[in-house]
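Read the structure below first, then the notes.
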Amino acid sequence: MLLEIGGLTKAYTRNHRPFAAVKEANLSLEAGEFAVITGRSGSGKTTLLSLAAGLLKPSSGAVVFQGQNIFTLKDGEISFLRNTKIGYLPQGTSLLPSLTVLDNVRLPFYLQSGGAPGKGPRRDGETVEKALSLLDRAGILPLAPAYPQELSGGEQRRVSIARALFNAPALLLADEPTGDLDEQTTAEIMGLLRQIAKGGAAILLVTHEPGAVCPGDRRYVMNAGTLTEEK
């Protein structure tokens, strides 16, 4: 099993009372599986995905990735894992406006090596070739020299996907990747994500759009912090 989420709970205090954003969530995912979590805004979907990525620590429960409970790792080790084996697509745009599309896609390499684009030792040939290949796969190769502010919302999302795939992650976590896109662009982005799953990566996607679910997907619904698998 690639990913196992067991008894995952995240509790906060609201108005001096305990409040569980995620309640005893259980989920498992194999390599190549495509799972979609739907639910209304505020139901806990983003919190669950943040827990799965190691961005938040749970009140209880475990996230086991490739046999390792990620919460037994130190913060730096979780960050390294997220940069090398777990791709994460946050809501909205997360591109750096001062970098070109090409360098935004190459950013995971610089984060891993402790450098920055244009500074220190660089494996430019290797990273450029890999980034261009990913941009081609995402259908936006001609945009490599452009800057994020010159791109449409759908184009920015494709760049973010290419960046998340730079280190060939085994798991891709996507938070509302089509939330602000038109119907045609949404279909294109979802098609790209399904191609990635067919290539062997597991994908866990959260959305408030029930229409994003297709036959063959693992389907979950989240309601008031409770996760339920649909059969």
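For this chain, numbers begin at 1 and follow the sequence in order. Please read all numbers here as calculations on a predicted model, not as lab measurements.
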Less than 3.5 Å apart, any donor N or O on the side chain of Thr185 or Arg157 sitting next to an acceptor on the other? no
Leu172 and Leu193: CA distance, side-chain angles, deciding distance, side chain to side chain contact (heavy atoms under 4.5 Å, CB included) verdict: CA-CA 9 Å; Leu172 181 61; Leu193 291 172; 3.8 Å; yes
Working to the nearest 0.5 angstrom, can you tell me the gap between Ile37 CD1 and Arg219 CZ? 14.0 Å
Examine Arg194 relative to Phe34 and say whether NZ or CZ is less than 6.0 Å from the centre of the six-membered ring and inside a 45° cone about the ring axis. yes
Would you give the length of the straight line joining atom OG1 of Thr72 to atom CD1 of Ile78, rounded to the nearest 0.5 angstrom? 8.0 Å
How many angstroms lie between CG in Leu73 and CD in Gln68, if you round to the nearest 0.5 Å? 4.5 Å
Within a 6.0 Å radius of atom CG on Asp182, are there more than 12 heavy atoms belonging to other residues, nucleotides or ligands? yes
Can you name the nearest heavy-atom pair linking Ala164 to Pro169, along with the distance? O-CG, 3.3 Å
For the residue pair Leu181 and Gly154, what are the closest heavy atoms and their distance? CD2-N, 3.6 Å
Supply the atom-to-atom distance Leu96 CG to Leu107 CG, rounded to the nearest 0.5 angstrom. 5.5 Å
Side chain to side chain contact (heavy atoms under 4.5 Å, CB included) assessment of Arg82 paired with Ile70: CA-CA 10 Å; Arg82 192 166 49 244; Ile70 67 173; over 6 Å; no
Leu204 and its side chain to side chain contact (heavy atoms under 4.5 Å, CB included) partner, picked from Ile86, Leu29, Val36: Leu29
Of Leu151, Leu135, Val105, which meets side chain to side chain contact (heavy atoms under 4.5 Å, CB included) against Ile140? Leu135
Heavy-atom count check: over 12 atoms from other residues, nucleotides or ligands less than 6.0 Å from Gln149 CD? yes
Check for me whether Lys130 meets the cation-pi criterion with Phe166, that is, NZ or CZ under 6.0 Å from the six-membered ring centre and within 45 degrees of the ring axis. yes
